[in-house]
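Atoms within a ligand are numbered from 1 in the order they appear, just like the ligands themselves.
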Amino acid sequence: MATALITGSARGIGAAIALRLAKDGYNIALNDISEKMFEDNDIIDKIKETGVEVEKFICDVSDHAAVETTVKAVKERFGTIDVLVNNAGITRDGLMARMSEEQYDMVVAVNQKSVFNMMKFVGSVMMRQRKGRIINLASVAGLYGNPGQINYSATKAAIIGMTKTVAKELGSRGITCNAVAPGFIKTPMTDKLTDAQREMMLGQIAMKRYGTVDEIAGVVSFLASDDSSYVTGQVIEISGGLSM
Ligand code: NAP
């Protein structure tokens, strides 16, 4: 049975993607940074109810060596890695003038370097399989910029460049690599925004509502499926018409 590895999947968008791919019939390798994230969330039980196999792999995805070990462990446990979803991400917002070097570097390490780490080691497994699907979580912040998020926007724009590069490097091996760029989706990450920030965002959305985690998971499911077999190097914006 095919296997999907989803980073940062204890909660939020990652958990919704993991559950959707489980319903699609994939065995699921979950990942998050701490055991506590899984104790506080019920994603493992929900996936077990679908009847597929599920296991959690605790790992800081910004740690190159730890990712190598984790990818080996996932391959040993499930035999294949058919879908990789690079979802783990953080924010450390602040206007550029007040942003510290630490705030900047941390977001780059977790959001951007992690994607290199995972694609390098999982890509090598997929190349031997001569098939695979990589789906990266970018953001509208990476497409259009967002005040207070110079660090975050930089990483999400970088992910788009990395996605196109890997699509070109691995396409001949039957591996596709695409990105999704969510707009404003209701999760613990966006719960941190102020009311003023929320109001401002809503005013710019054509559909006049926030997105749901399941609306992201549906597009990821399509990009993981055979229906998207000739789609690679693309960025699909899922924002309710934020940019029009
Ligand atoms: P979330 O609710 O904060 O979930 C992200 C998960 O990743 C958390 O469980 C988090 O654990 C984990 N994580 C953080 N650092 C990690 C690390 N170093 N290694 C492994 N796991 C780590 O975020 P979300 O809103 O679901 O966002 C998921 C992805 O979608 C992110 O890449 C985000 O940038 C992107 N996105 C979200 C939105 C939105 O509106 N929510 C919009 C555009 C793009 P901790 O809580 O312990 O850090």
Side-chain angles (χ1 to χ4, degrees), residues 5-20 29-44 56-67 69-71 74 84-93 105-118 134-146 148-149 151-160 162-163 179-193 197-198 200-202 204-205 209-217 219-220 235-240 242-243:
L5 165 60
I6 306 104
T7 68
S9 48
R11 69 169 192 202
I13 294 172
I17 293 170
L19 186 57
R20 173 60 194 258
L30 296 167
N31 154 263
D32 218 289
I33 194 162
S34 70
E35 284 284 352
K36 188 166 183 323
M37 292 305 295
F38 289 103
E39 286 160 18
D40 294 348
N41 295 280
D42 58 357
I43 185 62
I44 294 180
K56 62 177 178 336
F57 297 84
I58 306 300
C59 160
D60 175 351
V61 288
S62 67
D63 180 335
H64 194 71
V67 168
T69 307
T70 297
V71 171
V74 174
L84 165 66
V85 184
N86 283 307
N87 166 83
I90 58 167
T91 52
R92 293 291 182 273
D93 295 352
D105 289 346
M106 186 160 186
V107 172
V108 170
V110 175
N111 293 11
Q112 180 183 330
K113 190 182 167 201
S114 65
V115 177
F116 163 67
N117 293 342
M118 275 289 167
I134 301 172
I135 301 134
N136 296 323
L137 269 285
S139 166
V140 290
L143 291 169
Y144 311 115
N146 200 22
Q149 292 198 313
N151 49 0
Y152 184 82
S153 319
T155 64
K156 296 301 183 179
I159 285 172
I160 293 170
M162 293 160 82
T163 299
V180 293
F184 190 97
I185 311 301
K186 208 173 159 1
T187 69
M189 180 181 271
T190 46
D191 286 344
K192 286 188 229 157
L193 296 178
Q197 282 172 315
R198 274 198 206 104
M200 202 254 301
M201 295 287 287
L202 210 50
Q204 295 169 8
I205 299 170
R209 67 169 178 86
Y210 308 133
T212 67
V213 292
D214 291 335
E215 287 172 318
I216 307 303
V219 178
V220 172
V235 185
I236 302 184
E237 184 175 328
I238 314 167
S239 68
L242 183 73
S243 58

Original post:
Step by step, would you call Tyr210 with Thr190 a side chain to side chain contact (heavy atoms under 4.5 Å, CB included)?
Top reply: CA-CA 10 Å; Tyr210 308 133; Thr190 46; over 6 Å; no
Where is the nearest protein heavy atom to [atom]: which residue, which atom, and how far?
atom                    : value
atom 6 (C) of ligand 1  : Gly8 O, 3.4 Å
atom 18 (N) of ligand 1 : Asp60 OD1, 2.8 Å
atom 21 (N) of ligand 1 : Ile33 N, 3.5 Å
atom 43 (C) of ligand 1 : Pro182 O, 3.4 Å
atom 3 (O) of ligand 1  : Arg11 NH2, 2.8 Å

Subject >> Lys156 near ligand 1 by a heavy-atom separation under 4.0 Å >> reply: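 The answer is yes: ligand 1 sits under 4.0 Å from a heavy atom of Lys156.
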Within a strict 4.5 Å, meaning less than it, do heavy atoms of the [X] and [Y] side chains meet?
X      : Y      : answer
Asp214 : Arg20  : no
Lys113 : Thr155 : no
Ile216 : Leu137 : yes
Val67  : Cys59  : yes
Ile134 : Asn86  : yes
Asn146 : Tyr152 : no
Ile90  : Val107 : yes

Going by the atom numbers of ligand 1, which of them fall below 4.0 Å from some non-hydrogen atom of [X]?
X      : answer
Thr190 : 39 (C), 40 (O), 41 (N)
Ile90  : 14 (C), 15 (N)
Cys59  : 19 (N), 20 (C)
Leu137 : 30 (O), 32 (O)
Asn31  : 20 (C)
Ala88  : 7 (O), 21 (N), 22 (C), 32 (O)

Subject >> For ligand 1, the portion of Thr187 having any non-hydrogen atom under 4.0 Å away >> reply: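 Side chain only.
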On a heavy-atom basis, I'd like to know which of [options] is closest to [atom].
atom                    : options                      : answer
atom 44 (C) of ligand 1 : Gly12, Gly89, Ala138         : Ala138
atom 33 (C) of ligand 1 : Tyr152, Phe38, Tyr210        : Tyr152
atom 45 (P) of ligand 1 : Lys36, Met106, Lys113, Met37 : Met37
atom 37 (C) of ligand 1 : Asp63, Ile13, Ile185         : Ile13
atom 42 (C) of ligand 1 : Ser34, Gly183, Ser139        : Gly183

Subject >> Derivation and outcome, side chain to side chain contact (heavy atoms under 4.5 Å, CB included), residues Asp93 and Lys192 >> reply: CA-CA 10 Å; Asp93 295 352; Lys192 286 188 229 157; over 6 Å; no
Please determine if [X] has a nitrogen or oxygen closer than 3.5 Å to a nitrogen or oxygen of ligand 1.
X     : result
Val61 : yes
Asn87 : yes
Asp32 : yes

**OP:** With sequence neighbours left out, write down each residue that passes ring pair (Phe, Tyr, Trp, His ring centres under 6.0 Å) with Phe38, or none if nothing qualifies.
**Re:**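 Ring pair (Phe, Tyr, Trp, His ring centres under 6.0 Å) list for Phe38, sorted by chain: empty.
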**OP:** Please determine which of Val219, Ile185, Val220 meets the side-chain contact (heavy atoms from CB on, under 4.5 Å) test together with Ile238.
**Re:**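 One option only clears the test, and that one is Val219.
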Original post:
Between the side chains of Tyr144 and Glu237, is a donor N or O closer than 3.5 angstrom to an acceptor N or O?
Top reply: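 Note: Tyr144 and Glu237 side chains meet the donor-acceptor criterion.
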**OP:** Quick one: list whatever passes side-chain contact (heavy atoms from CB on, under 4.5 Å) with Thr163, sequence neighbours left out.
**Re:**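 Thr163 satisfies side-chain contact (heavy atoms from CB on, under 4.5 Å) with Asn136, Ile159, Cys177, Ala179 once adjacent residues are dropped.
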